[in-house]
Amino acid sequence: MMVVSAVKASGVRKSYGDFLALKGMDMELKKGEILGLIGENGAGKSTFLKILAGLLDPDSGSIEYFGMDFFSNKDRIKKRIGYLPETDSLYGNMNAMDYLKFFTSLYSVRDWESKASSLLDMLNLPSDRLIEGFSKGMKRKLSIARTLIHDPDILIYDEPTGGLDPSTSLFISNLLKELKEEGKGILFSAHNMYYVESTCDRIIILKGGEVLYSGEIEVLMMKSTKYQINYIDNGKKKSFKAENADELNSFIKEVAENGGKVVDVIKEVPRLEDIYFKIINGDLS
């Protein structure tokens, strides 16, 4: 049985005048997974997310949601998307409940009051306090509540934890994991590599509108992991640094064949941030 991707983008290009922001972007997102989009400022992350959310039209390329062409079914599909822009745009003279009520009217949400109350409780937000008195973290949480009020299948978040304190960032990270378990497909951009590493299943690394890497974080980590082998050869303690798992296995076999003994193997797993800079600088493909 063929599994239809929740979102599939192929050859998406976008230019602003003479500046080519996206140079043929490919992406695939499944339900029940979290995909992180990372890259330097100007790499094309926000542009791509806005195109996926229907806020920008690409110059060329195709986008499908659940096997349907996005551009010919945009109104229908946008009801299944929750989009979070990088900057919160809230109405300070409203309270949280009235703010969510306003957006439920746009999506024709049934039993909106119960759903809004549940979201505010889940996000630890007061329902009757004016938004202008909210902290930055509270405003971000309310923006997230707005993206969830119509129970979308796909979440597209631009820097969901940008500029937030560690406690709020952790809260949002855990929330995204819970939403993933509910079967939602989640795509977000971020600069915080620790947040990406601890939250995402897969990542896409962009530079200058081009994809440098797309795949599982675990595979990327394994590819970059090194091993220090401490062993005994002719009664002397020695060590050897293996650059990958194949070299590790080959060296252990060589030690045994020569009558030596491996004392231990120390696994050196790099941080995603270190791997990211190697890829960006062309030192790792």
Side-chain angles (χ1 to χ4, degrees), residues 5-29 34-66 68-91 103 106 136 139-140 143-144 146-147 152 154-164 185-193 195-196 200 202-215 272-273 276-282 284-285:
S5 301
V7 189
K8 186 174 182 179
S10 301
V12 174
R13 296 171 65 87
K14 178 65 179 179
S15 58
Y16 300 98
D18 295 332
F19 174 67
L20 187 56
L22 292 174
K23 303 174 182 178
M25 178 81 176
D26 296 334
M27 184 228 52
E28 189 170 1
L29 175 69
I34 302 177
L35 175 60
L37 187 61
I38 58 179
E40 302 167 328
N41 290 331
K45 304 185 300 298
S46 293
T47 293
F48 183 62
L49 296 183
K50 287 177 182 177
I51 289 172
L52 288 180
L55 301 178
L56 283 177
D57 290 328
D59 298 334
S60 60
S62 65
I63 298 174
E64 293 182 354
Y65 278 82
F66 307 102
M68 297 182 291
D69 175 65
F70 181 40
F71 305 111
S72 57
N73 298 278
K74 189 175 287 188
D75 290 341
R76 177 182 174 187
I77 291 172
K78 285 178 73 172
K79 293 178 180 179
R80 302 178 68 177
I81 298 171
Y83 171 69
L84 181 74
E86 184 176 2
T87 303
D88 297 314
S89 180
L90 304 170
Y91 307 119
F103 280 95
L106 301 178
K136 185 173 183 178
K139 289 178 179 178
R140 201 59 172 160
S143 293
I144 288 174
R146 189 258 307 156
T147 70
I154 304 299
L155 300 176
I156 300 171
Y157 286 0
D158 197 349
E159 288 284 346
T161 62
L164 300 182
I186 303 169
L187 170 65
F188 72 81
S189 66
H191 285 105
N192 187 319
M193 294 299 158
Y195 177 73
V196 171
C200 298
R202 294 188 297 116
I203 59 171
I204 293 176
I205 298 177
L206 273 178
K207 182 178 181 180
E210 294 183 286
V211 176
L212 299 186
Y213 176 82
S214 177
L272 179 59
E273 184 173 16
Y276 164 77
F277 282 117
K278 285 184 177 180
I279 292 176
I280 286 293
N281 294 325
L284 183 66
S285 58

Below 4.5 Å, heavy atoms only, C-beta onward: do [X] and [Y] meet side chain to side chain?
X	Y	value
Ile34	Tyr157	no
Ile38	His191	no
Leu49	Ile51	no
Glu40	Tyr276	yes
Val7	Glu28	no
Val12	Asp59	no
Phe70	Glu64	no

Of all heavy-atom pairs between Ile81 and Pro152, which one has the smallest distance, and what is that distance?
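Minimum heavy-atom separation between Ile81 and Pro152: C-CB, 3.6 Å.
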Closest non-hydrogen atom pair between Gly185 and Leu29, with its separation:
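For Gly185 and Leu29, the tightest heavy-atom pair comes out as C-CD2, 3.8 Å.
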Return the [atom1] to [atom2] distance between [X] and [Y], rounded to the nearest 0.5 Å.
X	Y	atom1	atom2	value
Glu159	Asn192	CD	CG	9.0 Å
Leu22	Leu56	CG	CG	9.5 Å
Met25	Thr47	CE	OG1	11.0 Å
Leu187	Phe48	CG	CZ	7.0 Å
Asp158	Leu52	CG	CG	11.0 Å
Lys45	Leu37	NZ	CG	7.0 Å

Using a 3.5 Å distance criterion without hydrogens, assess whether the side chain of Thr147 forms a donor-acceptor pair with backbone atoms of Ile144.
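Yes, Thr147 side chain to Ile144 backbone: donor-acceptor pair under 3.5 Å.
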Regarding Asp26 and Ser10, is there a side-chain donor-to-acceptor distance under 3.5 Å anywhere?
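There is no such pair (donor and acceptor under 3.5 Å, judged by atom type) between the side chains of Asp26 and Ser10.
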For atom NZ of Lys50, is the number of surrounding heavy atoms from other residues, nucleotides or ligands below 6.0 Å larger than 12?
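No.
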Considering residues, nucleotides and ligands other than Asn281, do more than 12 of their heavy atoms fall under 6.0 Å from its CG?
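Count over threshold, so yes.
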Cation-pi between Arg80 and Tyr65: NZ/CZ under 6.0 Å from ring centre and within 45° of the ring axis?
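No - Arg80 does not lie over the ring of Tyr65 by the 6.0 Å and 45° rule.
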Which residues share a ring-ring contact (aromatic ring centres under 6.0 Å, His included) with Tyr195, sequence neighbours left out:
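ring-ring contact (aromatic ring centres under 6.0 Å, His included) list for Tyr195, sorted by chain: Phe188.
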Are Asp57 and Lys74 ion-paired here, with the side-chain N under 4.0 Å from a carboxylate O?
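So Asp57 pairs with Lys74 through a salt bridge.
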Pairs in or reaching into residues 9-23: which pass salt bridge (charged side-chain N to carboxylate O under 4.0 Å, His left out), with residues at least two apart or in two chains?
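Counting only pairs at least two positions apart or across chains, no salt bridge (charged side-chain N to carboxylate O under 4.0 Å, His left out) contact touches residues 9-23.
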Report the residues that fulfil side chain to side chain donor-acceptor pair (under 3.5 Å) with Thr87, sequence neighbours left out, ordered by chain and then residue number.
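With neighbours one apart ignored, the set is empty.
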Name the residue from Ile280, Ile204, Leu206 that meets the side-chain contact (heavy atoms from CB on, under 4.5 Å) definition with Leu212.
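Output: one option passes, namely Ile280.
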Side chain to side chain contact (heavy atoms under 4.5 Å, CB included), that's the test. Do Tyr83 and Leu55 meet it? Break it down for me.
CA-CA 10 Å; Tyr83 171 69; Leu55 301 178; 3.2 Å; yes
